[in-house]
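One structure is given below, encoded as structure tokens.
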There are 2 protein chains.
Amino acid sequence: MQKASEPKKRANLRDVAKAAGVSVATVSRVLNEPGLVKKDTLEKVQAAIATLKFVPSAAARAINSGRTRFVGALIPTLDNAIFARFLAALERKLSEHQLSLVVATTDSNPDTEAEKAKSLIDIGAEGLIVTGATHCAAMHDLLERTMIPTIITSFYESDNALPTIGYDNAAAAQLALHHLAELGHKDIAVVHGPVRDNDRTRARLDGLKTYVFDGKLTTFETQISHQGGANVADHICSLPRLPDAILCLSDVVALGVLLGLQASKISVPEQVSMIGIDDLPTSAVTVPPLTSVHLPVSQMGERAADGLAQWITTQQAPHSEKLHARLIVRNSTRSLL
Amino acid sequence: MQKASEPKKRANLRDVAKAAGVSVATVSRVLNEPGLVKKDTLEKVQAAIATLKFVPSAAARAINSGRTRFVGALIPTLDNAIFARFLAALERKLSEHQLSLVVATTDSNPDTEAEKAKSLIDIGAEGLIVTGATHCAAMHDLLERTMIPTIITSFYESDNALPTIGYDNAAAAQLALHHLAELGHKDIAVVHGPVRDNDRTRARLDGLKTYVFDGKLTTFETQISHQGGANVADHICSLPRLPDAILCLSDVVALGVLLGLQASKISVPEQVSMIGIDDLPTSAVTVPPLTSVHLPVSQMGERAADGLAQWITTQQAPHSEKLHARLIVRNSTRSLL
DNA sequence: TTGACATATGTAACTAGTTTCATCAACCTC
DNA sequence: GAGGTTGATGAAACTAGTTACATATGTCAA
């Protein structure tokens, strides 16, 4: 099957060694520890590498070192700035640890998540970053079988089997509700993304439900997008009576609601107060600027990167970390007292 | 929690073979072509795999097949929905070709791009998707040396050395300007992102400059973010005279400008017309809904995925493809005639 | 002159899989 | 009962690197 002249096969170490008239060990040294090689041998080999356009095979390297130098992140979507910000920090910090990042999106579907996780592991990921603590059975099984270092983010739970690096979602939501309650709001509309397969949203809603105050909460579920927020705003405007305030469990939805209210000529905060969660940079330039609960996602990215890198190199799982959310008061909320 | 001091060496094929009392070839068959193995042997081997928690090494597989089954995408930032949309389509289509996607962000820095490209190739990427046609010397050298299949996106140029799959940026900008010109606008502010190291923005600006119309164009450079747009809006509002219209070379900036104008109580389109480029979903729900030039980024992602997958499997580079932008008229532009 | 040591390089054994080819038994046909 | 075919399995070669160990040469001191 192998004829004398093959058209184009990638050159390997042996080819280079033969071309340079040295052994494979010498070529390997040129690649990894050029200091050990005599100057003119070095040049001979480098010439051969150049003429053969030799590029070392990543797989062959990995097989020896047992390291592929990349990790995977499973996130619900890229279509929300909050994840973009998280990933930016994660990637920056990982690269300080000489690790590349492979991003896979799950569309918040646990089965997709398990599938993508499997393919990340198949292609050699050394560790995983996942969003939230709820996964399907296949995912749990996969993580247990492979024992791949995995950190849960956007979610804090001290006694989880896997380390969690994130914030207390219930507390973040309570921070927002507490602010509204203090301002005297009694009739509050809560707008949130899909509850199904999303433990962060559920935790936030639970936080609201367990917060004790003498007022009414009405929840509205929609898509996490500007469009989704605008749709809910239309619905709320068609109600016989406007709520005192609208609490959005994410800023993306909040901006959508804000635009929707504006389209219906409802003014914020004069007719309704509004508050969000996330504190995206955009929230500082909306009209009016949006009061929000700041979630430290950049910090979360950095801590997750450090934790995972440490776990991979030392085989020692990091401890869970609780990061603190804080209220940023702007002009979309006003006092009713 | 994880116990730290396990003598955890991962089981390999030979370990499984020994445990099951069969040869390595049989274990390999169980993994890849279970149909060839007798039923009770199969079960024996599967039992051994389960008890040893054996997971095949991706690297060792890759070394044989010469395939790592993933490609890399180099994009300027994740912090702009336009790229998020592109990546979503790209990833979806790549996975149909059994390819995973590794995303690397370059911050529009050519040196970062070259670095990230190198590390993608180092970890074994079989192909690359890059944004725009302008790269630093190190990048060109890398692409030439490794001959890695690489497709340029967001940019169309029929005679580029590498296949380009994208739109004509100059034409897209002209489409927007033509619309404003037809409505009788003479004094137009053009708001755009950084020109340095961004050939898409430059191409759009060149398109505007070569379009013949009897009016005035004033350009404003800012960051591509809502904040950046809002800053320019503040600046424009402080000018002695408002322009007739504001043409933004991206919708993200346009929404920022819109919010900034609104904060200064300038009404659109009564006092200024506004038009964007990208046509993000958000642009349909802004107040007023934003007239924009639709860029087919989802289609671009799909075509790029198909092209790259084809290139990798057939060794045959695809042809460049020009995708068509089209004007979406909403309510942010009005006629002055 | 010889031993001690450093430097430079080669040989061959690893890494963890896939794959080719050989072997052997069971079954079928003539 | 000889010969052919099929099915199941194993031995060993193969992928492309790294690396432990061996060897050859040169320098220097005893």
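In what follows, chains are A, B, ... by sequence order, proteins preceding strands, each numbered from 1. Keep in mind that the numbers below use all heavy atoms, side chains included, and drop hydrogens, waters and symmetry copies.
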Nearest to the side chain of [X], heavy atoms from C-beta on, is which of [options]?
{"X": "A:Ser57", "options": "D:dA20, D:dA8, D:dG17", "answer": "D:dG17"}
{"X": "B:Asn12", "options": "C:dA8, C:dA16, D:dA20", "answer": "C:dA16"}
{"X": "B:Val37", "options": "D:dT9, C:dG10, D:dT18", "answer": "D:dT9"}
{"X": "A:Arg29", "options": "C:dC21, D:dG17, C:dT9", "answer": "C:dT9"}
{"X": "B:Asn64", "options": "D:dA11, C:dA16, D:dA20", "answer": "C:dA16"}

Remember a base hit wins even if backbone is also touched, and classify A:Thr41 as base, sugar-phosphate or nothing at under 4.0 Å, heavy atoms.
->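 The residue A:Thr41 makes sugar-phosphate contact but no base contact.
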Verify the contact: side-chain N or O of B:Thr26 to OP1 or OP2 of D:dA8, cut-off strictly under 4.0 Å; return yes or no.
->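 Negative; the distance criterion is not met.
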Report yes if a side-chain nitrogen or oxygen of B:Ser28 is closer than 4.0 Å to either non-bridging phosphate oxygen (OP1 or OP2) of C:dT18; otherwise report no.
->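 Yes.
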Between [atom2] of [N] and [atom1] of [X], the distance in whole Å:
{"X": "A:Leu36", "N": "D:dT18", "atom1": "CG", "atom2": "C1'", "answer": "13 Å"}
{"X": "A:Phe54", "N": "D:dA16", "atom1": "CZ", "atom2": "P", "answer": "10 Å"}
{"X": "B:Leu52", "N": "C:dG17", "atom1": "CG", "atom2": "P", "answer": "12 Å"}
{"X": "B:Leu13", "N": "D:dA11", "atom1": "CG", "atom2": "P", "answer": "14 Å"}
{"X": "B:Arg10", "N": "C:dG17", "atom1": "CZ", "atom2": "C1'", "answer": "12 Å"}
{"X": "A:Glu43", "N": "C:dA8", "atom1": "CD", "atom2": "C1'", "answer": "16 Å"}
{"X": "B:Lys38", "N": "C:dC27", "atom1": "NZ", "atom2": "P", "answer": "11 Å"}
{"X": "A:Leu42", "N": "C:dA8", "atom1": "CG", "atom2": "P", "answer": "11 Å"}

Can a salt bridge be assigned to the pair B:Lys118 and B:Glu115 using a cut-off of 4.0 Å between side-chain N and carboxylate O?
->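 Salt bridge: no.
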Under the side chain to side chain contact (heavy atoms under 4.5 Å, CB included) rule, what do B:Phe83 and B:Thr105 come out as? Steps first, then yes or no, please.
-> CA-CA 10 Å; B:Phe83 291 114; B:Thr105 53; over 6 Å; no
side-chain contact (heavy atoms from CB on, under 4.5 Å) with B:Ile75: which of B:Val130, B:Leu87, B:Thr106?
->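 Among B:Val130, B:Leu87, B:Thr106, the one meeting side-chain contact (heavy atoms from CB on, under 4.5 Å) with B:Ile75 is B:Leu87.
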First encountered from the 5' end of DNA chain D, between B:Val22 and A:Val27 =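 Nearest-nucleotide comparison on DNA chain D picks B:Val22.
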Position toward the 5' end of DNA chain D (nearest nucleotide), A:Val55 or B:Arg14 =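 Counting from the 5' end, the first nearest nucleotide belongs to B:Arg14.
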Is there side-chain contact between B:Leu74 and B:Met139, with heavy atoms separated by less than 4.5 Å?
->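 In short, these two side chains touch, coming nearer than 4.5 Å.
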Give a yes or no answer on whether the side chain of A:Thr68 reaches the backbone of A:Gly124 with a donor-acceptor pair at less than 3.5 Å.
->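 Judged by distance alone, yes, a pair lies under 3.5 Å.
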Select from B:Arg61 and A:Ile63 the residue whose nearest nucleotide in DNA chain C is closer to the 5' end of that strand.
->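 Nearest nucleotide further toward 5': that of A:Ile63.
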